[in-house]
Amino acid sequence: MRVAVIGANGQLGSDLVRAFGENAIPLTHRDLDVTDIESLKILKELGPDVIINTAAYHKTDECEENPEKTFLVNSVGARNVATVAKEINAINVYISTDYVFDGEKGKPYTEDDVPNPINIYGVSKYAGELLTRYMHSEHYVTRVSSLFGIAGASGKGGNFVETMIRLAKADREINVVNDMAMSPTYTRDAAFAIKEILEKRLPYGVYHVTNDGFCTWYEFAKAIFEITGIEVDLNPITSDKFPTKAKRPKFSALSIEKLKSFGINMRPWKEALKDYLKEKGHL
Ligand SMILES: NC(=O)c1ccc[n+]([C@@H]2O[C@H](COP(=O)([O-])OP(=O)(O)OC[C@H]3O[C@@H](n4cnc5c(N)ncnc54)[C@H](OP(=O)(O)O)[C@@H]3O)[C@@H](O)[C@H]2O)c1
């Protein structure tokens, strides 16, 4: 199984490349641009069995002000990749997000819940999901959330864990929202789960791929400092004290029961966090 990874030097992309090892065909933004279907010709030349599209414009607040770019990368880009995947008979994997949900459910979302995004980024990713499905039946939509990975998100200049550690080292008082919950996810674990989905040839469709459990952003920050032993002045705040351009779902944890039902188990997010901190040299 030869696997083309689009966004190969991104946070999730680089772990996917590692997970697939010699079967990976890493493709960076320099090699192709998902918004330009002509540039995707390279995929036809390479002839992979699978194309994983991790490319995204995902600065959620910026997306509100740049809807054209957001839809071009996240939706039209998804359509372009799916079109080529169909042409060359490759399985298409589109990486999506917990932000397709509105956060009103109050318990973890399953794959059967109907998305109802509340910001431009979420709308564009949901459109990307629909276009992926519409263009080519041989597809997986894998929804991940709140990623932390060794490479750091190139689109966001790092990740939450690194931001917390940087602020703590700068001896800053840190305020973190305690009324928004999600499932923190180590990109390494997500990458291996996506590999298993492909290896096990699970039925095509949508899969939630996160570490097990959920927490608020404040609880996530608290765990980072507890594990590393960094002393810090950390305060829980409510999100109304931290206004942002884009609305964000209050509770976007994803249920991974479907994944588990196929024998793919994800470890609890705290265990994954410990491993990440070790690997990153913080422990
Ligand atoms: N980060 C999160 O917390 C999070 C949460 C939920 C879902 N997701 C989804 O997970 C996926 C991976 O996220 P990530 O954190 O790994 O992001 P990332 O580190 O920013 O990686 C995205 C990669 O895509 C490339 N890229 C961007 N625009 C492109 C284009 N037009 N054509 C080709 N390549 C392009 C980027 O390259 P350049 O940097 O060189 O442009 C980068 O290598 C995304 O689909 C995102 O929507 C992320």
Side-chain angles (χ1 to χ4, degrees), residues 4-19 26-40 42-43 51-63 66 68-81 84 92-101 109 115 117 119-129 132 140-163 180 182-191 193-194 206-211 217 220 246 248-249 252-254 269 276:
V5 179
I6 297 177
N9 54 353
Q11 189 168 221
L12 177 59
S14 54
D15 274 336
L16 282 164
V17 170
R18 261 191 290 271
L27 296 165
T28 68
H29 205 164
R30 282 189 181 194
D31 301 311
L32 57 78
D33 185 330
V34 295
T35 68
D36 170 18
I37 199 156
E38 277 298 300
S39 76
L40 298 182
I42 187 176
L43 288 164
I51 304 172
I52 306 181
N53 178 14
T54 77
Y57 179 48
H58 57 89
K59 287 182 178 165
T60 312
D61 293 317
E62 272 187 35
C63 289
N66 295 297
E68 290 84 0
K69 179 176 174 188
T70 308
F71 283 97
L72 198 57
V73 179
N74 300 342
S75 321
V76 177
R79 196 246 359 204
N80 290 344
V81 173
V84 174
N92 183 27
V93 182
Y94 177 67
I95 309 296
S96 191
T97 171
D98 53 329
Y99 273 23
V100 297
F101 294 114
Y109 286 96
N119 54 45
I120 294 282
Y121 168 67
V123 174
S124 74
K125 292 295 284 190
Y126 186 39
E129 291 190 4
T132 297
Y140 295 103
V141 167
T142 56
R143 294 189 186 127
V144 298
S145 82
S146 311
L147 297 178
F148 55 96
I150 297 300
S154 51
K156 286 180 178 162
N159 61 45
F160 181 79
V161 184
E162 296 308 311
T163 303
M180 278 186 181
M182 42 76 216
S183 305
T185 300
Y186 188 11
T187 47
R188 187 179 180 279
D189 292 0
I194 292 167
V206 181
Y207 290 85
H208 290 173
V209 179
T210 69
N211 278 119
W217 287 101
F220 188 29
R248 285 168 167 75
S252 61
L254 300 178
W269 63 265
Y276 167 85

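For ligands, and for the atoms within them, numbers begin at 1 and follow the listed sequence.
- Between Phe148 and Phe220, the angle of the ring planes lies from 30° to 60°, which puts this pair in the tilted group.
- Looking at Phe148 against ligand 1, nothing comes within 4.0 Å, counting heavy atoms.
- Proximity of His58 to ligand 1, defined as any heavy-atom pair under 4.0 Å, is confined to the side chain (atoms from C-beta onward).
- Counting the atoms of ligand 1 from 1 in the order shown, those under 4.0 Å from a heavy atom of Thr97 are 6 (C), 7 (C).
- Short contacts between ligand 1 and Thr54, defined as distances under 4.0 Å to a heavy atom of the residue, involve ligand atoms 11 (C), 12 (C), 22 (C), 44 (C), 45 (O).
- Between Lys69 and Glu62, none of the side-chain N atoms (NZ, or NE/NH1/NH2) sits under 4.0 Å from a carboxylate O, so this pair counts as no salt bridge.
- On a distance-only criterion, Tyr121 and ligand 1 share at least one N/O pair closer than 3.5 Å.
- With a 4.0 Å heavy-atom cut-off, ligand 1 is reached by the backbone of Ser146 but not by any atom from C-beta on.
- Close contacts of ligand 1 with Val144, meaning ligand atoms under 4.0 Å from a residue heavy atom, involve 6 (C), 7 (C), 8 (N), 10 (O).
- Near Leu12, with a cut-off below 4.0 Å to any heavy atom, the atoms of ligand 1 are 16 (O).
- Any N or O atom pair closer than 3.5 Å counts here, and Thr35 shares no such pair with ligand 1.
- Considering backbone and side-chain N/O atoms, Leu147 comes within less than 3.5 Å of an N/O atom of ligand 1.
- Of the heavy atoms in Lys125, only side-chain atoms (C-beta onward) come closer than 4.0 Å to ligand 1.
- Each of the following atoms of ligand 1 lies closer than 4.0 Å to a heavy atom of Leu32: 32 (N), 33 (C).
- Under a 4.0 Å criterion applied to the non-hydrogen atoms of Ser96, ligand 1 contributes the atoms 7 (C).
- Looking at Asp98 and Arg248, no side-chain N of the basic residue comes within less than 4.0 Å of a carboxylate O on the acidic one, giving no salt bridge.
- Compare Pro184, Gly7, Ala56, Gly149 by their heavy atoms: the one nearest to atom 27 (C) of ligand 1 is in Ala56.
- Taking any N or O of Asp33, backbone or side chain, at least one lies under 3.5 Å from an N or O belonging to ligand 1.
- Taking a cut-off of under 4.0 Å to the non-hydrogen atoms of Gly10, the atoms of ligand 1 that pass are 19 (O), 21 (O), 43 (O).
- Of the listed residues (Ile6, Asn53, Val34), the one carrying the non-hydrogen atom nearest atom 32 (N) of ligand 1 is Val34.
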